[in-house]
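One structure is given here, and the rest of the page talks about it.
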Amino acid sequence: MKKFDVKQIRKDFPTLSQKVNGKPLVYLDNAATTHKPNFVLDAMIDYYEKHNANPNRGAHYLGVSATELYENAREKVREFINAKSNKEIIFTRNATESLNLIAYSYGMKYVEEDDEIVVCISEHHSNIVPWQKIANLKKAKLKFIYLNEDYRLNMDEVYTKITDKTKIVGIAQMSNVLGTVYPVKQIVEYAHSKGAITIIDGAQSAPHIKIDVIDINTDFLVFSGHKMLGPMGIGVLYGKEELLEEMPPFLMGGDMIEYVEEQNTTFAELPHRFEAGTPNVEGAVGLTAAIDYIEEIGLDNINTHGHKLTSYALEKLMAIPYVKIYGPKDLDNRGAVISFSVEGCHPHDVSTIVDTYGVALRAGHHCAQPLMKYLNAPATSRISFYIYNTKSEIDIFIDSLKNVRKWLGYGS
Amino acid sequence: MKKFDVKQIRKDFPTLSQKVNGKPLVYLDNAATTHKPNFVLDAMIDYYEKHNANPNRGAHYLGVSATELYENAREKVREFINAKSNKEIIFTRNATESLNLIAYSYGMKYVEEDDEIVVCISEHHSNIVPWQKIANLKKAKLKFIYLNEDYRLNMDEVYTKITDKTKIVGIAQMSNVLGTVYPVKQIVEYAHSKGAITIIDGAQSAPHIKIDVIDINTDFLVFSGHKMLGPMGIGVLYGKEELLEEMPPFLMGGDMIEYVEEQNTTFAELPHRFEAGTPNVEGAVGLTAAIDYIEEIGLDNINTHGHKLTSYALEKLMAIPYVKIYGPKDLDNRGAVISFSVEGCHPHDVSTIVDTYGVALRAGHHCAQPLMKYLNAPATSRISFYIYNTKSEIDIFIDSLKNVRKWLGYGS
Amino acid sequence: MDLNQLYTELILEHSQSGHNKRHLNSADCTQRGHNPSCGDDITLELKCDGDKIEEASFTGSGCAISQASTSMMIDLITGKTLEEALELAGKFISMIKKEITDEEELEVLEDSIVFKNISNMPARVKCAVLSWHTLKEAVGKQ
Amino acid sequence: MDLNQLYTELILEHSQSGHNKRHLNSADCTQRGHNPSCGDDITLELKCDGDKIEEASFTGSGCAISQASTSMMIDLITGKTLEEALELAGKFISMIKKEITDEEELEVLEDSIVFKNISNMPARVKCAVLSWHTLKEAVGKQ
Ligand SMILES: Cc1ncc(COP(=O)(O)O)c(C=O)c1O
Ligand SMILES: Cc1ncc(COP(=O)(O)O)c(C=O)c1O
């Protein structure tokens with residue numbers, strides 16, 4: 001394992017050195033989006049300065065060069081998640097679009113009346129709302145896997161909810177609210193035994209945990225570049241080749257066709273069939289650089305660092321009597337995301353107050369309203385860490401948090 | 001009108017100063033994608049270095065800042081096309097996604113059996129293939145407006161093809177193959193008189209011609225950022241508020257919802273209802289800078305410069321006996337795109353050969369196979385100009401073109 | 001913005017005392033208002049005598065700003081006619097939008113003037129105006 | 001890549017002479033092959049005597065590279081068995097993919113060796129291999 005030097009790492013992130021409200025920025029909103037190292041920004045600029053062109057279509061020098069970079073990005077992503085073939089890697093706009101692609105293409109084709117779609121109650125809206133639409137259109141049923149008191153999932157609940165009628169099982173590998181990491185491999189295995197296909201939402205896990213799609217054996221995996229040091233506007237859909245091969249196209253237009261006649265079209269081979277219009281080569285190049293950067297640091301190191309910070313923050317938070325934590329309280333299968341509430345203080349006031357101390361955290365429903373309702377919490381505050389966060393930032397956050405109740409008139 | 005200084009402009013584009021195959025790059029593939037001025041690249045980097053955050057959801061400093069930049073971009077685009085309200089500006093990935101949004105949302109809701117969808121034979125695949133799908137699903141009819149011998153459109157043909165059964169009329173304001181600029185205002189007026197709604201594909205025209213959606217009175221307009229100096233991965237859909245208001249959502253997930261319950265969802269107000277998932281703020285910021293840059297130069301200047309180059313290139317090309325031009329031969333309602341063929345030489349060989357002279361042009365079907373078939377040309381070569389091109393670049397291109405037949409064994 | 005200007009004693013008092021937070025025995029009009037993105041969710045209750053707001057109250061949950069703004073609004077509109085209440089709503093919203101900046105013109109808003117500076121906090125504007133928008137909807141229905 | 005190495009006399013001759021470009025009177029097998037992205041579109045015709053390719057020809061249109069590659073292939077496979085033809089196809093494709101670089105091993109490809117350098121031109125690789133892929137499909141159907 002390589003040496004992990006957070007001071008050195010911070011130097012790579014220009015965004016982190018700024019002041020906010022006169023205080024050094026303490027950015028604890030990484031589950032929403034991460035900042036970008038110079039390495040990624042440089043790669044994007046280099047792309048525009050030396051290679052920019054519309055790929056796939058041109059025999060000229062820049063066109064060939066842009067095509068190469070775009071396809072190299074695909075190969076990089078394939079390797080990152082250990083997919084079998086580049087045909088299984090589709091570039092999208094973000095995880096949300098990837099999930100919609102599955103719903104519109106796979107869901108519309110295969111889901112039938114009385115079928116079941118099973119997701120977890122802690123899913124992000126992006127893995128719920130598209131399925132409500134499919135369930136509604138197809139008169140299928142959308143079912144939810146609920147959680148235990150300790151915010152973890154009981155396999156018995158999985159065995160109950162996934163039945164012979166289940167066609168699709170969707171679950172985020174890591175909850176963006178609770179931080180819980182679910183046993184996706186077992187869930188996939190059980191889903192397959194019942195004849196269902198599986199979708200793993202890796203938006204939160206891909207930046208932290210090594211994902212091996214062959215080992216997990218999932219049918220689909222989605223994630224977003226911007227949550228893992230990459231630029232905005234690029235996402236990934238992994239799908240098993242044999243499934244993608246049988247799926248109808250989703251977005252239609254340039255680049256995804258073979259022959260277009262006035263009334264009929266035949267479609268291109270994988271992966272192009274699912275990529276319509278001018279692709280975001282910049283985004284793909286930026287994502288490549290982000291993966292290079294992550295691999296240089298090492299996912300093991302990243303995971304360890306996240307655990308260290310999470311453990312430290314959990315301890316500090318649990319020591320504050322008026323703070324309630326929503327999520328597992330130990331590190332077992334748990335990621336670097338902590339949701340909490342401050343007694344008597346609304347999360348939005350918490351956010352506004354700590355912001356004046358330079359601390360960026362998130363308040364609200366975190367795009368997981370069904371979970372919030374299930375937890376009976378209209379909103380929570382959330383902190384989330386990445387490679388550049390430090391213990392002393394957590395100290396600043398805890399100090400600022402201790403001031404919240406004073407500002408809101410609760411004495412000390 | 002401001003002074004237009006192409007030498008000065010070229011200095012803003014780092015990509016243009018490179019050598020290709022040992023020769024200065026002569027980039028004549030602007031209809032595919034344009035290069036980016038430093039002003040745009042700087043704006044993108046500045047965004048990541050100082051403002052980066054997931055917008056819409058955060059009360060912290062960066063979140064507010066990113067939201068502001070994103071909404072300012074919307075206002076900039078609104079003003080650029082003279083839309084009435086920011087609610088009418090939806091950010092998408094590219095023109096293709098914008099067209100698919102209309103097809104999946106408006107098309108799926110309103111098109112019925114025996115209805116007609118009318119497009120022009122010169123449409124880009126992105127404005128054909130989605131309509132084939134809708135026509136197919138809804139048992140509606142997809143009809144094509146054909147062109148005259150001079151590659152222009154006869155209003156009589158419009159009057160014939162658009163009937164009382166027509167629900168949707170889609171047409172590119174400027175053809176990306178022929179360069180023809182169609183009389184979209186008249187077409188919109190006639191379509192409305194027949195009760196149809198209209199979609200203008202502005203992918204080629206937006207970079208060159210002032211578009212005023214109120215004047216044209218179109219119901220929808222789409223275009224892509226990357227063809228007008230902006231970054232890849234950002235596109236625009238304009239729609240009249242009263243239409244968008246009644247349209248069901250397309251992509252579903254974060255940010256486009258109001259309340260999500262386990263089985264039901266209510267959706268956010270316009271424009272957010274049509275923007276699911278983390279938006280591409282970088283792209284929106286880059287597009288803002290691109291529009292600023294274009295407005296600083298002035299669309300009038302850009303249009304004039306394009307005409308000057310087109311006229312010069314047409315003249316030179318027409319003087320070569322073995323060159324055939326596909327498109328209008330005068331400047332009347334004509335943009336800076338010229339398609340042509342070289343007798344006895346396949347466009348791909350042409351492209352490969354001129355590439356060794358540093359000249360980047362495009363060869364193939366230009367995502368317009370129905371047009372190619374209509375023209376009885378399996379493929380053409382295409383040159384297209386933008387603000388940074390010069391007459392001396394056209395000279396280099398013409399010289400390289402004169403060598404093509406020699407290389408392919410036709411003597412001189 | 002200085003927190004001192006946001007979480008003033010007045011605002012904290014209103015947000016915590018809850019003196020307007022209750023059900024009315026016989027409300028003529030009940031109107032729910034919410035900011036889905038932050039979770040503020042209030043229900044405004046009005047009891048009118050003809051054109052006059054005799055009594056008002058609210059229930060629900062939300063941040064200090066939304067709770068205080070609602071409570072102060074209720075103090076302000078109680079005893080006013082529906083028309084006067086609407087006018088106040090217009091004033092308040094114009095103040096937040098910085099369309100009215102003249103202090104004198106804003107005097108009618110009484111304590112609610114404390115929210116003037118919230119226009120510098122785009123993320124919190126919605127919290128302050130929620131109750132006033134809800135009021136407008138409620139009156140619109142009468 | 002130097003154009004001299006691409007548009008060699010041999011390639012130009014094959015692409016223009018059209019000596020293999022015609023219909024066969026009694027083809028046993030007709031196979032279409034195309035590169036949709038560039039528009040190369042050929043139809044290969046084979047006339048076999050048992051296992052042996054007695055005669056071959058093609059029709060269609062495309063760039064100089066695809067036309068020449070097809071014509072040279074036809075010269076090469078005429079008189080060979082289907083199995084030998086398949087083997088040659090494998091060799092050719094391996095040459096383009098740079099999996100085989102040994103000149104001696106490639107000698108069996110005869111004139112078609114001229115396409116060796118096309119692997120340095122990613123945009124044109126498809127043109128050179130089109131006919132060989134078409135041949136593989138044709139033979140696969142026998
Ligand atoms: C006329 C026209 N419409 C639509 C498109 C599609 O644009 P994009 O690929 O950016 O979606 C293009 C460009 O390729 C075009 O020229
Ligand atoms: C678990 C999870 N799934 C999906 C998403 C959606 O990602 P995006 O907004 O990039 O599409 C997110 C992030 O917001 C997330 O945390």
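Model, not experiment: these values are computed from the prediction. Within every chain, numbering begins at 1; the chains are lettered A, B, ... in the order of the sequence lines, protein sequences first and strands thereafter.
Within 6.0 Å of the NZ atom in D/Lys80, the count of heavy atoms belonging to other residues, nucleotides or ligands exceeds 12. Around atom CG of D/Asn25, no more than 12 heavy atoms belonging to other residues, nucleotides or ligands sit under 6.0 Å away. The 12-atom threshold is not exceeded at NZ of D/Lys97, counting heavy atoms of other residues, nucleotides or ligands nearer than 6.0 Å. Annotation: D/His19, atom NE2; neighbour count of heavy atoms from other residues, nucleotides and ligands within 6.0 Å is above 12. No more than 12 heavy atoms of other residues, nucleotides or ligands shown are found within 6.0 angstrom of CD on D/Glu83. With a 6.0 Å radius and a threshold of 12 heavy atoms from other residues, nucleotides or ligands, B/Lys23 has its NZ atom above the threshold. Within 6.0 Å of the CD atom in D/Glu9, the count of heavy atoms belonging to other residues, nucleotides or ligands does not exceed 12.
The pair D/Arg124-B/Asp355 does not count as a salt bridge, with every side-chain nitrogen at least 4.0 angstrom from each carboxylate oxygen.
Contact of D/Asp41 with chain B is not made at all, since no heavy-atom distance falls under 4.5 Å.
Between D/Tyr7 and B/Trp407, the shortest heavy-atom contact is CB-O, 3.6 Å. When all heavy atoms of D/Cys63 and B/His348 are compared, the pair lying nearest together is CB-CB, 4.3 Å. Closest approach of D/Ala64 to B/Leu408, counting heavy atoms only: CB-CD2, 4.2 Å.
Side-chain contact between D/Ile65 and B/His346 is absent, with no heavy-atom pair separated by less than 4.5 Å.
Taking CD1 of B/Ile353 as the start and CG of D/Leu6 as the end, the distance is 8.0 Å to the nearest 0.5 Å. In this structure, B/Asn403 CG and D/Leu3 CG are separated by 9.5 Å, a value rounded to the nearest 0.5 Å.
The most heavy-atom pairs under 4.5 Å with chain B, out of D/Cys127, D/Ser15, D/Gly62, come from D/Gly62.
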